Amino acid sequence: DAGVIQSPRHEVTEMGQEVTLRCKPISGHNSLFWYRQTMMRGLELLIYFNNNVPIDDSGMPEDRFSAKMPNASFSTLKIQPSEPRDSAVYFCASRAGQGGRAQYFGPGTRLTVL
Amino acid sequence: AQTVTQSQPEMSVQEAETVTLSCTYDTSESDYYLFWYKQPPSRQMILVIRQEAYKQQNATENRFSVNFQKAAKSFSLKISDSQLGDAAMYFCAYRSQGSARQLTFGSGTQLTVLP
């Protein structure tokens, strides 16, 4: 099992540019989560999909952020336009089923916005 | 809202010794799940152990075990025979049974293993 796959692993961009982060969940997992981690705010849940449908996006900071899950094996998190305060590590996680099953995290994407 | 508190920002342990990381949480719910995640320097989040609140027996995974005290809302992680590879940031996390908003994480404890 390849685990959760994220790309790119590192992204450096300039303020105002569009950034797209990608995630491939573990095959068979029906829930997908996007998190952001910073020193100041720790780990924050941005959005959560279940069966490709966004369930809770209350953590998305503002309209500059959008997430899609066009199918069960792919999701994107887009920031447009990006700002320096968006610099963080962005994690994607997936989970099988409901209940207390654990989430499995990808390696993260380290985003730096100059 | 649930909160998770890790009161030890940093801990250190000698290799082969035992260390306990503390975690407390605040909830009014009776059914929930608790997790410990490990984040090594690679930044990846790795599940260490999980506990269902309805189970009285403490979860164990090899050298990792928990001390779950439901009445005290405490969920500590014990690492036995510590190894250099255990050095990482450890996060305690809470998930209520019926919540659509998923894991609530603590602020983390940075564990250093001394050779």
Side-chain angles (χ1 to χ4, degrees), chain A residues 1-11 23 26 29-51 53-60 87-112, chain B residues 1-7 9-10 23 25 27 29-55 59 61 64 66 68 70 75 77 88-110:
Chain A
D1 191 342
V4 176
I5 300 172
Q6 289 186 250
S7 65
R9 294 293 305 276
H10 302 273
E11 177 80 24
C23 175
I26 293 173
H29 284 193
N30 62 341
S31 296
L32 183 140
F33 309 82
W34 282 101
Y35 290 89
R36 176 172 68 176
Q37 185 180 33
T38 62
M39 288 292 293
M40 293 297 294
R41 300 173 68 92
L43 267 164
E44 303 173 277
L45 176 67
L46 300 177
I47 188 169
Y48 151 53
F49 292 87
N50 189 46
N51 293 325
V53 176
I55 302 299
D56 182 359
D57 65 354
S58 58
M60 295 285 263
S87 298
V89 179
Y90 290 81
F91 288 99
C92 175
S94 70
R95 186 187 71 200
Q98 298 291 326
R101 298 193 182 193
Q103 295 177 19
Y104 292 87
F105 284 72
T109 295
R110 181 179 290 278
L111 173 65
T112 303
Chain B
Q2 292 81 21
T3 57
V4 178
T5 302
Q6 292 180 249
S7 59
E10 298 177 344
C23 172
Y25 55 94
T27 184
E29 299 172 332
S30 58
D31 292 325
Y32 48 87
Y33 306 91
L34 297 164
F35 305 85
W36 278 98
Y37 281 88
K38 165 185 176 181
Q39 187 177 42
S42 66
R43 301 306 296 269
Q44 184 155 4
M45 294 284 282
I46 302 166
L47 175 68
V48 175
I49 199 165
R50 63 187 288 270
Q51 173 83 41
E52 294 93 336
Y54 63 85
K55 288 188 177 179
E61 287 288 340
F64 298 86
V66 298
F68 174 48
K70 191 173 183 179
F75 182 62
L77 174 69
M89 180 76 88
Y90 286 81
F91 291 94
C92 178
Y94 171 102
R95 179 184 179 274
S96 57
Q97 189 178 39
S99 174
R101 189 159 183 86
Q102 301 300 306
L103 293 173
T104 300
F105 285 91
S107 55
T109 297
Q110 181 67 51

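Just so it is clear: chains get the letters A, B, ... in the order the sequence lines come, proteins before strands, and each one is counted from 1. Note that the structure is a prediction, hence the values are computed from the model and not measured.
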| Measuring heavy-atom distances to chain B, does R110(A) have an atom under 4.5 Å in its side chain, in its backbone, in both, or in neither? | side chain
| query | Aromatic ring centroids of F105(A) and Y35(A) under 6.0 Å? | reply | yes
| task | Measure distances from S42(B) to the heavy atoms of chain A and classify the residue's part below 4.5 Å as side chain, backbone, both or neither. | result | backbone
| Backbone N or O of S31(A) within a donor-acceptor pair of the Q103(A) side chain at under 3.5 Å? | no
| request: Assign the ring pair Y104(A) / H29(A) to parallel, tilted or perpendicular, where the plane angle (0 to 90°) is split at 30° and 60°. | output: tilted
| message | Can you classify the ring geometry of F33(A) versus Y48(A) as parallel (below 30°), tilted (30 to 60°) or perpendicular (above 60°)? | response | parallel
| request: Let me know if Q39(B) has heavy atoms under 4.5 Å from chain A in its side chain, its backbone, both or neither. | output: side chain
| said: Given heavy-atom pairs under 4.5 angstrom as the criterion, report whether the side chain, backbone, both or neither of F91(B) touches chain A. | reply: side chain
